[in-house]
Amino acid sequence: MIKRIKLPAWFVIVLLLAGITFGINQVVAKVLEESSESNVPKEKVVSSSVYPGLNIKTKTKETDLYTLSVSQPYTEFNKVNKPIDEWVDKQKKEFTLGIKKSQNMLEKNGIRAHLNIQAETEKLADKIYTLELQAYQITGGANGMTKMKSFVIDLNQKKLLHLDDVFQLDEKAIKDIQNLITAELHSNQKISSYISDDLVKKALNTPEKWKWSVSPKNVTFYFDEYEIAAGAAGAIKVEIPMKKVKPYLNEKFAKKIDVKIPEKENSKEEEEHSEDKVKLDTDGKYVALTFDDGPHPEVTPRILDTLKKHDAKATFFMLGSQVEYYPSLANKVEEAGHEIGNHTMNHQDLTLLQPSKIREEVQKSNRIIENATGQTSTLLRPPYGASNGNVKQVAKHMETPMAMWSVDSLDWKSRNATAVNEEVMSNVAPGSIVLLHDIHPSTADALPQLLTSLEKQGYQMVTVSQLLELREKKGVGPYYGKIG
Ligand code: ZN
């Protein structure tokens with residue numbers, strides 16, 4: 001006897017609905033995935049960061065039309081990462097639109113647009129951080145545009161802190177804070193004449209839309225460029241001293257951040273490094289491998305391991321933004337006898353910056369590298385290899401030669417170990433400077449074979465400074481190295 005199973009009508013409907021919802025979800029997921037590119041870091045969150053629970057990732061891109069550099073902190077919690085990703089995506093979209101609009105002008109003037117997103121991190125208490133993100137974009141004309149956004153995150157609670165978590169706001173408190181901000185804006189002579197009171201009012205009207213951050217010393221409010229003032233004032237940051245805002249803080253939160261924050265250890269033992277003064281034969285076959293954009297918590301240690309196995313020396317052009325997070329890693333690179341060069345603080349296209357900003361980008365990074373390694377970086381590599389008279393002046397002033405490259409491994413493009421090997425081996429020549437990046441796992445994959453191939457052809461791997469010395473290069477350069 002055949003038993004027919006009859007499904008009740010409601011069940012069929014539920015099933016259908018579930019199917020449709022599933023389909024829609026797939027589509028939405030697809031779009032979101034596309035819109036956030038590879039922005040959501042897939043790396044495992046590791047613990048070598050000086051900010052426990054937080055890591056940072058710097059992504060750079062270069063095309064004929066533009067350059068882009070995004071430094072973005074991330075955590076192991078998607079809920080925390082998501083709003084940060086969304087803000088970053090929004091900046092990228094606006095940038096793309098801006099480029100489309102000014103493409104003709106860019107092409108005519110032979111300049112490239114640039115987007116730079118950088119982050120400042122402050123620890124408030126154990127696993128509570130303020131992240132201050134700043135996006136600077138220039139898509140045409142002489143003036144760029146700066147946007148700011150801050151996130152206060154509590155990793156104990158795995159969430160972003162909202163206004164209510166930090167403040168206790170009734171109507172009077174809101175008014176008081178609005179007045180504090182307005183007064184502060186007017187007391188700042190540099191910007192007061194550019195400010196529009198109407199725009200300030202509008203910007204402060206809805207507390208949910210305030211852009212704010214908090215530290216044990218201040219509460220800071222942010223305004224984008226043009227939001228409350230003429231463009232000449234730039235993006236505006238208003239810092240209200242803690243003693244003035246403390247009455248409006250949520251008590252529980254105030255207690256938390258009053259916790260004494262331990263100072264970062266600065267008392268690095270002055271270890272003397274007997275510089276490996278290798279005697280180099282001037283007729284030898286030398287090549288300088290260089291690794292940019294790190295240090296990276298997973299890739300850099302792998303690269304160090306491989307270099308050690310082959311007794312090879314290399315040069316690491318580090319970003320200040322990365323070293324700030326991973327100082328002990330930078331120190332390891334130094335201790336292994338490699339050369340550390342400066343790749344600036346935030347990977348901006350220096351040719352688009354005023355001289356004072358160029359200096360800042362270079363010096364800030366130098367200081368962070370010095371603090372981490374005890375050594376001053378000996379070379380400068382401007383991001384994207386982009387240099388002009390102003391950049392050269394800064395390099396000269398700081399007495400750091402500019403080291404470019406003659407062989408681009410294209411590891412940033414191929415992300416493929418075999419391709420990296422082929423690219424380098426078909427272009428390398430004695431005296432080459434090879435560009436690699438210690439942020440891509442595929443580059444770490446490529447290195448054992450690359451070193452073996454180079455050794456087979458009789459190459460010895462040296463630092464860039466050693467190479468320049470051999471070739472008797474003096475002055476700031478820029479130096480490119482030889483190509484095969
Ligand atoms: Zn770079």
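When a ligand or atom number is given, it counts from 1 through the structure's own listing order. Here the structure is a predicted model, which is why all the values come from computation and not from measurement.
- Proximity of the aromatic rings of Y384 and H347 is defined here by a centroid distance below 6.0 angstrom, and this criterion is met.
- Residue side and main chain included, H437 places no N/O/S atom under 2.8 Å of the Zn ion (ligand 1).
- Distances from the Zn ion (ligand 1) to the N/O/S atoms of D293 are shortest for OD1.
- When side chains are defined from C-beta on, M425 counts as touching Q457, because their heavy atoms get closer than 4.5 Å.
- Using modelled atom types, one side-chain atom of Q322 and one backbone atom of P295 make a donor-acceptor pair closer than 3.5 Å.
- Of all the N, O or S atoms in H347, the one closest to the Zn ion (ligand 1) is NE2.
- Here the options are H343, M404, K392, E361, the test is side chain to side chain contact (heavy atoms under 4.5 Å, CB included), and the partner is P382; only M404 passes.
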